[in-house]
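In this text the structure is predicted, and so the values were computed from the model without any measurement. Positions are given from 1 along the sequence.
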Amino acid sequence: MKKKEKDLYREWIERVENLITRKRSLHLKYLRWYRLYRIQPLVNSDSMTVNVVFTNIQLVKALLYYLRPYFRVRPTTRVSDADRAQLQEEVLNIQWARHGGHKNVKRVIVDGEITGVGWLRISHGTLEPLNFPPKPGSLTFKRVSPFDIYTELDNISLEECTYFVERVRYPTRWLNKLFPKAEFQPDTLDFEATRRFGTTKHSPSKTTFYQIQDLIEGKLLLLSPQQREVLLETELEFREPMYIPLVFAEDPERSEAISETGIIEPQQIELNNIRTQQHIHRKRFNRRYIANKSLFEDEAELKKVERGEDGTIAFVNEVEGAIKPIEDAPLPTDLQVYQMDIKTDLREMFGINEWLKAGVIPRTKTAYESSQISQGTQLRSHGRADELNDFLIQAARTTMSLLQHYEIVDRHYIQTEEGERLWTREDMLGDYEVEVEVGSTLPPNPIPYELLLRAGQPGNVVGGSMTENKFKQEGMM
């Protein structure tokens, strides 16, 4: 390895190790919040949980992304680019549907609700030659774990990032096939194993690397801690960030987002404690007796009274009568009221009402009360939907930039003046705007430039509402 490459590796590995150390306390919070999301009561345990975090996040995901939104593309300045915009629109929607873009957005939404920020990586197969299975001519969409991505810590917003570091893992067997002389070994980190598997006792099968997108230098680096070198260095043909953050609640003073799960964590724990107390009391509150053994004819008569745990008899030497029940302390009635207060706090903080949860409504609401509750819920959900819209637009722009700079293999035929041919990345060139509406799967009404062209220049634009198709539409979902 050349001296320049050694210096480059040393520079970046020191920066990465420093970031990992400084973010360890934040990752411990992430770990705690993910456990709240997936927590389940243990078998043969006195603990009882009511997983409000899981229920609320699944409901928010369903509200925001129960339908695949449709991306609409239009030219920014030149009306003559309308036909290219239509092709860009077709390809954009096809690629997102075909390569798992929508599925990964759902995963990113869950991350955003748990940790405050979710990350989506949009890339091209040629930029990731170590992927298994390899996808050399395809776009790739992948949810990136908040545990595995790092950037500057002194930024006020994530738009200021100049680089992104992602911890990636590749199958060790696959690496040794690609690099027979390297002799890669599976590595295991106790913290990483604990957060993924819940224990360090597992059989590792992957090797860790650090993938770095340097926006200033326009490079993509792949660092191998095992080999202590920069394994790959690629010049990027575009400067768009491949890592797109989704943030529902920003902190105006720092780039670390606010976690909604972290906000309701105390209420979730307290509700679990209340239910656990009720559960323990139910198990202990059973019919128990003391009996005068000498007054029963034989053991068989006693077994007629005894019925398992509920009906256990304790024999004593003296008792008034043949058998006497043992009084048990009742559960405080205030506990039920306190539980309702906790649930009210959760609803107010998360913005999820009883109707959305299909839960029990305490009393019949008037029409005015119902409309006010519905409006309040819409305000909260629309705020999240607006953030998701901005996220999807940025993700679509990155996708379009990749389509303009790299060829893909899954293309369809277009009709041109010279005849039918497969479209190329040259057909993607141009400056375009993207529109998307979360919750809508159909294109919106024609926009002004389309109406103008339809009236005066038929045949220059395409689509179901136009007079003549210049490009064939195939494979739309």
*asked:* Applying side-chain hydrogen bond (donor to acceptor under 3.5 Å, both in side chains), can you list everything that pairs with Gln339, at least two apart in sequence or on another chain?
replied: Arg275, Gln336

_Distance check, rounded to the nearest 0.5 Å: Glu240 atom CD versus Gln213 atom CD?_
9.5 Å

*asked:* So does Glu113 get a backbone contact from the side chain of Thr261, meaning a donor-acceptor N/O pair under 3.5 Å?
replied: yes

_OG1-CG distance between Thr151 and Leu19, expressed to the nearest 0.5 angstrom_ = 7.5 Å

*asked:* Would you compute the distance between atom OG1 of Thr399 and atom CG of Leu392 and round it to the nearest 0.5 angstrom?
replied: 10.0 Å

*Considering residues at least two apart in sequence or located in another chain, which fulfil the side-chain hydrogen bond (donor to acceptor under 3.5 Å, both in side chains) criterion with Thr207?*
Thr172

_ring-ring contact (aromatic ring centres under 6.0 Å, His included) partners for Tyr170, two or more places apart_ = Phe209

*Partners of Glu265 by salt bridge (Lys or Arg N to Asp or Glu O under 4.0 Å), sequence neighbours excluded?*
Arg32

*Got a sec, which residues hit salt bridge (Lys or Arg N to Asp or Glu O under 4.0 Å) with Arg22, two or more places apart in sequence or on another chain?*
none

*Regarding Glu435 and Tyr70, is there a side-chain donor-to-acceptor distance under 3.5 Å anywhere?*
no

*For Lys23, does the NZ atom have more than 12 heavy-atom neighbours from other residues, nucleotides or ligands under 6.0 Å away?*
yes

*Assign the ring pair Phe71 / Trp96 to parallel, tilted or perpendicular, where the plane angle (0 to 90°) is split at 30° and 60°.*
tilted

*Applying salt bridge (Lys or Arg N to Asp or Glu O under 4.0 Å), run through Arg239 and Glu217 and close with a yes or a no.*
CA-CA 9 Å; Arg239 296 297 179 93; Glu217 298 295 335; over 6 Å; no

*May I ask you to check whether Tyr163 and Tyr150 place their ring centres under 6.0 Å from each other?*
no

_Partners passing salt bridge (Lys or Arg N to Asp or Glu O under 4.0 Å) against Glu433 (at least two apart in sequence or in another chain)_ = Arg397

*Under 3.5 Å, side chain of Asp214 to main-chain N/O of Ile216, donor-acceptor pair present?*
yes

*Mind running side chain to side chain contact (heavy atoms under 4.5 Å, CB included) on Leu36 and Ile264 for me, showing each step along the way?*
CA-CA 10 Å; Leu36 280 180; Ile264 67 172; over 6 Å; no

*Find out whether Tyr9 and Leu221 are in side-chain contact, i.e. whether some heavy atom of one side chain is under 4.5 Å from a heavy atom of the other.*
no

*In a check of side chain to side chain contact (heavy atoms under 4.5 Å, CB included) between Leu139 and each of Asp410, Val91, Ile122, Leu403, which one passes?*
Leu403

*Can you name the nearest heavy-atom pair linking Leu232 to Pro129, along with the distance?*
CD1-CG, 3.5 Å

_Close side-chain approach of Tyr34 and Val53, heavy atoms under 4.5 Å_ = no

_Holding to side-chain hydrogen bond (donor to acceptor under 3.5 Å, both in side chains), I want the full list of residues that pass it with Gln211, two or more places apart in sequence or in another chain._
Tyr243

*Could you give me the CA-CA distance, side-chain angles and deciding distance for Leu31 and Arg35, then say whether side chain to side chain contact (heavy atoms under 4.5 Å, CB included) is met?*
CA-CA 6 Å; Leu31 184 61; Arg35 284 174 175 169; 3.8 Å; yes

_Exercise: do Glu160 and Ser255 side chains pair donor with acceptor under 3.5 Å_ = no

_Qualifying residues under salt bridge (Lys or Arg N to Asp or Glu O under 4.0 Å), relative to Glu128, sequence neighbours excluded_ = Arg121

*asked:* So, taking the atom named CG in Asp341 and the one named CG in Leu346, what distance separates them when rounded to the nearest 0.5 Å?
replied: 11.0 Å

_More than 12 heavy atoms of other residues, nucleotides or ligands under 6.0 Å from CD of Glu253: yes or no?_
no

_Under a plain distance cut-off of 3.5 Å, with no hydrogens placed, do Tyr30 and Asp111 share a side-chain donor-acceptor pair?_
no

*Side-chain H-bond candidate by donor/acceptor type, Asn272 with Gln268, under 3.5 Å*: yes

*How close do Glu387 and Leu246 get, heavy atom to heavy atom, and via which atoms?*
O-CD1, 4.0 Å

*What residues form a side chain to side chain contact (heavy atoms under 4.5 Å, CB included) with Pro171, not counting sequence neighbours?*
Phe132, Trp174

*Rounded to the nearest 0.5 Å, what's the gap from CG on Leu231 to CD on Gln226? Could you check?*
11.0 Å

*Identify the residue among His102, Lys106, Lys103 that makes a side chain to side chain donor-acceptor pair (under 3.5 Å) with Tyr65.*
His102

*Do any N or O atoms from the side chain of Asn51 and from the backbone of Phe54 form a donor-acceptor pair under 3.5 angstrom?*
yes

_Asn18 and Glu14: CA distance, side-chain angles, deciding distance, side chain to side chain donor-acceptor pair (under 3.5 Å) verdict_ = CA-CA 6 Å; Asn18 181 48; Glu14 289 177 359; over 6 Å; no

*Report the C-alpha distance between Ser123 and Thr140 in whole Å, list the side-chain angles of each, state the deciding distance to 0.1 Å, and finish with yes or no for side chain to side chain contact (heavy atoms under 4.5 Å, CB included).*
CA-CA 5 Å; Ser123 184; Thr140 60; 3.5 Å; yes

*Passes side chain to side chain contact (heavy atoms under 4.5 Å, CB included), Ile212 versus Leu220? Steps please.*
CA-CA 6 Å; Ile212 302 167; Leu220 189 68; over 6 Å; no

_Under the rule for side-chain hydrogen bond (donor to acceptor under 3.5 Å, both in side chains), what residues qualify as partners of Tyr432, not counting sequence neighbours?_
none

*Between Asp148 (side chain) and Val168 (backbone), is there a donor-acceptor pair under 3.5 Å?*
no

*If you look only at pairs with a residue in residues 103-125, which of them pass as a ring-ring contact (aromatic ring centres under 6.0 Å, His included), with sequence neighbours excluded?*
Trp119-Phe164, His124-Tyr406

_Would you compute the distance between atom CE of Met340 and atom CD1 of Ile274 and round it to the nearest 0.5 angstrom?_
11.0 Å

_With sequence neighbours excluded, residues passing side chain to side chain contact (heavy atoms under 4.5 Å, CB included) with Asn389_ = Val436, Val438

*Flag the pair Asp187 and Arg169 as a salt bridge only when some basic side-chain nitrogen lies within less than 4.0 angstrom of an acidic carboxylate oxygen.*
no

_Let's go through Arg107 and Asn104 carefully: what are the C-alpha distance in whole Å and the side-chain angles of both, what is the deciding distance for side chain to side chain donor-acceptor pair (under 3.5 Å) to 0.1 Å, and is it a yes or a no?_
CA-CA 5 Å; Arg107 296 167 179 167; Asn104 280 279; 3.3 Å; yes

